[in-house]
K.L.:
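Below are the structure tokens for one structure; questions will follow.
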Amino acid sequence: MIATRAEPGPVDPGAVAPVPWYDCLNLASDLRFRLFTALLALSLIHHELQFILEQQRFGPFLHFLDNLRPFRATIDWPSQAGVGLHLLSLLAGVVLLLRPERWLLGLLGLLYPITQVVSPDRIASHNVLLAAAAILVLLLGLGEAIEVAVRPAARAAARVGWLRWTRVGLIGLCSVTYFFAGIAKFNTDWLSPVDTSVLGFVLAPISLFRLPVEPALGLMLYPAIYGTIAVELGLAFFLPWRRTTLVAILAGLLFHLPMLAQGVGDFPTLILAFYPLCLSERQARELLARCRARPARPQLAATLGLAAFGIALIHRSPQPRFLYTTSLEPTPLLNVIHMLLLDLTFLLFAHVTVVVAAWLVERCRRALSGRGLLAPQPL
Amino acid sequence: MLAPVDHSSQASCSRWLGPIIVGFLTTIFVLNNVAPYTGWPHVGAFTMFSGLLPNATNHLFLAGLPLGEAGTYHQVLEVRPLGAPSRPAEQFARFTRLLNAQGTVLHINLVRYHVSRICAAANGAGVRLVLRSEHGQVQTFEDVCAEPTMLRYHLVTHYPPCRPSCLPQLRLWIIGQLPDG
């Protein structure tokens, strides 16, 4: 049976084995935070690789600050400092991916905002979300560390309390993100079938399957325009609500896969990183176990089909190709790594999507059979 | 069964400090996302792919709250050093001529950034600047270097530098191929 509540029960301080105060820097005890941190790290790697590719459109990355300074407001630091900060940020992404720990994520809360100041012309929305999340983890982690240092007896209560508020804060950031993304789309450009930026997302599969453009657009465009707003506003409210979290996660995954298939890796990966935080600990463990389990044939076929479709779209999408072809500094190895990362990320989320869908189908069948609406299913 | 816990001594201060920190950060995050509709400086608000204009004039129900000037664009009609010409002044003048020929307008923050660069290029530098707003209002500064408000710019604020995009012209500037005329 799936748990619907996973808030920790009453804390018995006497039952907790003594551990050093710096244990509060570690999030390893909560799988949801590990998953969040690992996906956030993956998003950071996506961002930094894309940042390097973007800067190379204007000259060698090693001189990006000097290249931009005559035109855009930047901090008056040498290019080497900017390059160093961005490479450090990339390294932090790799380290966090391998060791998804709270103190490392907290350190990112110090490093990342400085990294943004050296390239203020390229502070996208996902950068702000990532910085806000890392700063939140840093501040609440510091709060716990200070409290444990000052009042060692309150260690157990502190651990539960600070982690709970970290989770609440991060889920709040995710909800606010979806809410404002949805609100922003109530504008004449988005709602216009001619000017809407959803056109690119709809035209990509039409072109891949060589469908007749007019009828296919007629069928897909308006649902895409209004569906996007409905999904974004819906996710803002239904993701945090435990009863609807799993359905919202599936909707969110299906919603973000088209963006990933357009070669945009940073934002979808980052926002999807918040999803595990909305699950109970038990659900998170079950999701991970299901993702690691050997898939049934239909599930494997669905994953491979979805992944093949997405990867085909990524390789045809204009965004990565634009970055590679307009670079003034040819870096074929970086291009290959970037494209490979996009493919692998899509494969990962396609797999998770199919796993969550199969899980929900199983729950529905179980619920229906429990009410006598379906014959009992063999295990 | 658990023994009774003395909550007065064990309760974590996260109970009151946690919501304060979370509330504070969330409020900043929310204000940053409200800023595109009010014209306040902001960075990375969640308007990506939405088609929302920088001053949100095309929004159905949140347009027209002009509390700031973050969505203000101008055409630079004239930028002329009063003394000896400097490289920043010459480059900016060439760039704006190219934009004017295509009807492209520049964000006010970017104009101020360049004005500050030109004024800082030499001691006692002076620049005559003529701007035209999108509503057709012309503003003339006989010596913009003497206008402190025109020398202050936001370092971290997100806006498209030009409208429509001036990416190709920017690229020409960076690779040193801006036309002379």
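Being a predicted model, the structure only gives us computed values, none of them experimental. Letters A, B, ... are given to chains in the order of the sequence lines, protein chains preceding strands, and every chain is numbered from 1. Just so you know, these numbers use all the heavy atoms, side chains as well, and skip hydrogens, waters and symmetry mates.
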K.L.:
Tell me, for B:Asn32 versus chain A, whether the close heavy atoms (under 4.5 Å) come from the side chain, the backbone, both or neither.
P.N.:
side chain

K.L.:
Quick one: are B:Arg128 and B:Asp143 in side-chain contact, heavy atoms under 4.5 Å?
P.N.:
no

K.L.:
Of all of A:Thr177, A:Asn127, A:Thr326, A:Leu140, which one pairs up most often with chain B through heavy atoms under 4.5 Å apart?
P.N.:
A:Thr177

K.L.:
I would like to know whether B:Leu131 and B:Thr140 meet side chain to side chain contact (heavy atoms under 4.5 Å, CB included); could you show each step before the answer?
P.N.:
CA-CA 6 Å; B:Leu131 302 175; B:Thr140 304; over 6 Å; no

K.L.:
Counting heavy-atom pairs under 4.5 Å with chain A, which one of B:Ile28, B:Leu53, B:Val43, B:Thr26 comes out on top?
P.N.:
B:Val43

K.L.:
Answer yes or no: is there a side-chain heavy-atom contact under 4.5 Å between A:Phe201 and A:Thr228?
P.N.:
no

K.L.:
What part of B:His114 lies closer than 4.5 angstrom to a heavy atom of chain A: side chain, backbone, both or neither?
P.N.:
side chain

K.L.:
B:His135 side chain to B:Gln137 main-chain N or O, any donor-acceptor pair under 3.5 Å?
P.N.:
no

K.L.:
With under 30° as parallel and over 60° as perpendicular, where do the rings of A:Phe267 and A:His256 fit, or are they tilted in between?
P.N.:
perpendicular

K.L.:
Under 4.5 Å from any heavy atom of chain B, what part of A:Phe179 do you find: side chain, backbone, both or neither?
P.N.:
neither

K.L.:
Pick one of side chain, backbone, both or neither for B:Phe46, based on which atoms fall under 4.5 Å of a heavy atom in chain A.
P.N.:
both

K.L.:
Which atoms of A:Leu191 come close to chain B, meaning under 4.5 Å heavy atom to heavy atom: side chain ones, backbone ones, both, or neither?
P.N.:
side chain

K.L.:
Between A:Glu144 and A:Arg102, is the closest basic N to carboxylate O distance under 4.0 Å?
P.N.:
yes

K.L.:
Of the backbone (N, CA, C, O) and the side chain (C-beta and beyond), which part of B:Phe95 lies under 4.5 Å from a heavy atom of chain A, both, or neither?
P.N.:
side chain

K.L.:
With a 4.5 angstrom heavy-atom cut-off, could you sort out which part of B:Leu110 is near chain A: side chain, backbone, both or neither?
P.N.:
side chain

K.L.:
Counting only non-hydrogen atoms closer than 4.5 Å, does B:Pro19 touch chain A with its backbone (N, CA, C, O), its side chain (CB onward), both, or neither?
P.N.:
both

K.L.:
With a 4.0 Å cut-off on N to O distance, would you call B:Glu134 and B:Arg163 a salt bridge?
P.N.:
yes

K.L.:
Heavy-atom distance under 4.5 Å to chain B: side chain of A:Ile229, backbone, both or neither?
P.N.:
neither

K.L.:
Relative to chain A, which segment of B:Tyr153 carries a heavy atom at a distance below 4.5 Å: side chain, backbone, both, or neither?
P.N.:
side chain

K.L.:
Classify the angle between the aromatic ring planes of B:Phe61 and A:Phe186 as parallel (below 30°), tilted (30 to 60°) or perpendicular (above 60°).
P.N.:
tilted

